[in-house]
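Report on the following structure.
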There are 2 protein chains.
Amino acid sequence: MAESDPRFQRFADFLARSGLKTTRQRERIVHAFFAAGRHLSAEELYNRIQTQDPGIGLVTVYRTLKLLRQAGLATERQFGEAYTRFDPNPADWPHDHLICKRCGKIQEFEDAGLHSLREKIARSLGFTVTEHKLELYGFCRDCARLGKGRAARTA
Amino acid sequence: MAESDPRFQRFADFLARSGLKTTRQRERIVHAFFAAGRHLSAEELYNRIQTQDPGIGLVTVYRTLKLLRQAGLATERQFGEAYTRFDPNPADWPHDHLICKRCGKIQEFEDAGLHSLREKIARSLGFTVTEHKLELYGFCRDCARLGKGRAARTA
DNA sequence: GTGGAAATTGACAGTCATTTTCAATTAGGA
DNA sequence: TCCTAATTGAAAATGACTGTCAATTTCCAC
């Protein structure tokens with residue numbers, strides 16, 4: 001499954017097209033990034049790689065993530081933390097995020113109605129929208145249940 | 001007008017309630033912050049104050065902005081810049097932002113339909129929303145017009 | 001397969017916004 | 001007015017990230 005992931009080919013093409021080289025480090029980093037399938041920070045990705053290939057430096061992880069962004073294979077996101085997380089979804093998929101404040105789960109969603117309503121509101125205010133960012137913070141189903149349980153016990 | 005701004009009283013009350021003291025520095029900083037009426041960074045606020053009261057340090061500006069946040073009189077916002085901006089609107093007004101990428105104008109808006117649609121989508125995904133953040137980036141009316149003009153000239 | 005120019009790497013130092021430390025100063029209740 | 005706890009500002013520390021640079025590696029031309 002991972003081997004047939006077309007993103008590896010897209011990244012290789014991007015490198016070739018840009019006159020850049022394929023290296024062991026880049027292959028490892030990109031593989032670990034896609035394998036994680038989550039919004040990782042550079043540090044988290046670095047830690048995952050350390051266990052398999054301790055020679056790779058944090059600096060190279062940062063540089064490779066920047067290349068992935070240029071290739072349209074990752075998007076930088078700030079979720080109110082001190083550091084940047086990298087979204088492994090294709091850059092041309094415009095989606096929004098639900099972030100659980102308790103377990104940290106990040107769920108993605110897309111809603112055409114929401115999108116068009118936003119466009120309509122912006123247009124009515126004279127704005128032409130080119131990018132957007134919507135994050136909803138709260139509690140996922142499991143964590144909301146726990147919260148209720150605790151509240152009930154406390155009461 | 002500025003003198004009758006109830007926010008000064010709210011801040012004084014917050015300080016008293018918290019066992020903190022009213023100082024010349026805090027009065028100046030809070031006054032300059034509300035007088036600006038815009039989303040300022042700590043550095044921008046510091047620069048405005050320097051012209052009138054060069055004795056006040058940047059550190060004190062940071063500390064006072066943190067107090068304003070605790071008092072519910074300011075909200076930290078990240079608009080994709082390296083630094084944090086502080087929103088002088090009451091923390092309990094849940095509004096969204098339109099940011100012009102050309103002139104930097106930040107326009108606020110509130111839309112009940114948008115709000116309820118978001119709630120509905122989150123609920124259908126099992127999420128309970130407590131906070132949200134929506135930013136629409138693009139061009140305001142004036143800048144969009146300029147952009148069109150330039151495009152036409154280029155063509 | 002070899003040579004060599006150009007890209008890459010990793011350690012280290014630098015940057016930049018923000019926070020912490022700490023000795024000196026100040027507010028404001030007793 | 002006194003006294004203690006809060007406050008201040010300068011300097012140092014922090015933490016994420018980026019630039020520098022000598023040593024290494026890739027990969028195209030031959």
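Below, chains carry the letters A, B, ... as their sequence lines are ordered, and counting in each starts from 1.
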**Complete:** Whole-Å distance, A:Arg77 CZ to D:dC17 P, equals 16 Å

**Message:** Give me the atom names and distance for the closest heavy-atom approach of A:Phe33 to A:Leu68.
**Reply:** CD2-CD1, 3.7 Å

**Prompt:** Over how many whole Å does the gap from A:Tyr62 atom OH to D:dA16 atom P extend?
**Reply:** 7 Å

**Asked** Taking CD1 from B:Ile49 and C1' from D:dT8, how many angstroms apart are they, rounded to a whole number?
**Response** 14 Å

**Request:** Mind calculating the distance between CD (A:Glu76) and C1' (D:dC17) to the nearest angstrom?
**Result:** 10 Å

**Request:** For A:His115 and A:Gly113, indicate whether the former's side chain and the latter's backbone hold a donor-acceptor pair under 3.5 Å.
**Result:** no

**Message:** Need one value for B:Thr22: base, sugar-phosphate or nothing, where a base atom within 4.0 Å counts as base even if backbone is also close, heavy atoms only.
**Reply:** sugar-phosphate

**A:Leu20 CG - D:dT25 P separation (whole Å)** = 19 Å

**Asked** Base, sugar-phosphate, or nothing: which does B:Tyr83 touch, judged by heavy atoms less than 4.0 Å apart?
**Response** sugar-phosphate

**Request:** Would you grab the first and last nucleotide of DNA chain C (5' to 3') that comes under 4.0 Å of any non-hydrogen atom in chain A?
**Result:** C:dA6 to C:dC12

**Request:** Using the side-chain contact (heavy atoms from CB on, under 4.5 Å) rule, pick out the option among A:Glu110, A:Glu108, A:Glu135, A:His132 that qualifies with A:Asp96.
**Result:** A:His132

When you compare the protein's N or O atoms with those of nucleotides 9-12 of chain D, which come within less than 3.5 Å of each other, and at what distance?
{"unit_1": "D:dG9", "atom_1": "OP1", "unit_2": "B:Gly55", "atom_2": "O", "d": "2.8"}
{"unit_1": "D:dG9", "atom_1": "OP2", "unit_2": "B:Gly57", "atom_2": "N", "d": "3.3"}
{"unit_1": "D:dG9", "atom_1": "OP2", "unit_2": "B:Thr60", "atom_2": "OG1", "d": "2.1"}
{"unit_1": "D:dG9", "atom_1": "N7", "unit_2": "B:Arg63", "atom_2": "NH2", "d": "2.5"}
{"unit_1": "D:dG9", "atom_1": "O6", "unit_2": "B:Arg63", "atom_2": "NH1", "d": "3.4"}

**Item:** Between D:dT24 (C1') and A:Arg26 (CZ): distance, integer Å
**Value:** 14 Å

**Prompt:** Closest heavy-atom contact between A:Cys100 and A:Cys103?
**Reply:** SG-N, 3.5 Å

**Request:** For residues A:Phe8 and A:His31, establish whether the separation of their ring centroids is below 6.0 Å.
**Result:** yes

**Asked** Strictly under 6.0 Å, is that where the ring centroids of B:Phe79 and B:His97 end up?
**Response** yes

**Asked** Less than 4.0 Å between a side-chain N and a carboxylate O, is that true for B:Asp13 and B:Arg10?
**Response** no

**Message:** Before you tell me yes or no, could you show the steps for A:Glu44 and A:Arg48 under salt bridge (Lys or Arg N to Asp or Glu O under 4.0 Å), namely the whole-Å CA-CA distance, both residues' side-chain angles and the distance that decides it to 0.1 Å?
**Reply:** CA-CA 6 Å; A:Glu44 285 171 339; A:Arg48 284 178 184 231; over 6 Å; no

**Prompt:** Could you give the CD-to-P distance, from A:Glu81 to D:dT14, as a whole number of Å?
**Reply:** 22 Å

**Asked** What's the CD-P distance between A:Glu43 and D:dT18, to the nearest Å?
**Response** 13 Å

**Request:** Using heavy atoms to find the nearest nucleotide of DNA chain C for B:Gln78 and B:Thr23 separately, return the residue whose nucleotide is more 5′.
**Result:** B:Gln78

**Asked** Heavy atoms under 4.0 Å, any strand shown: does A:Thr84 hit a base, just sugar-phosphate, or nothing?
**Response** sugar-phosphate

**Request:** Of all the heavy-atom pairs spanning A:Thr128 and B:Ala144, show the shortest one and how long it is.
**Result:** OG1-CB, 3.8 Å

**Item:** 5' precedence on DNA chain D between A:Lys21 and B:Lys21 (nearest-nucleotide basis)
**Value:** B:Lys21

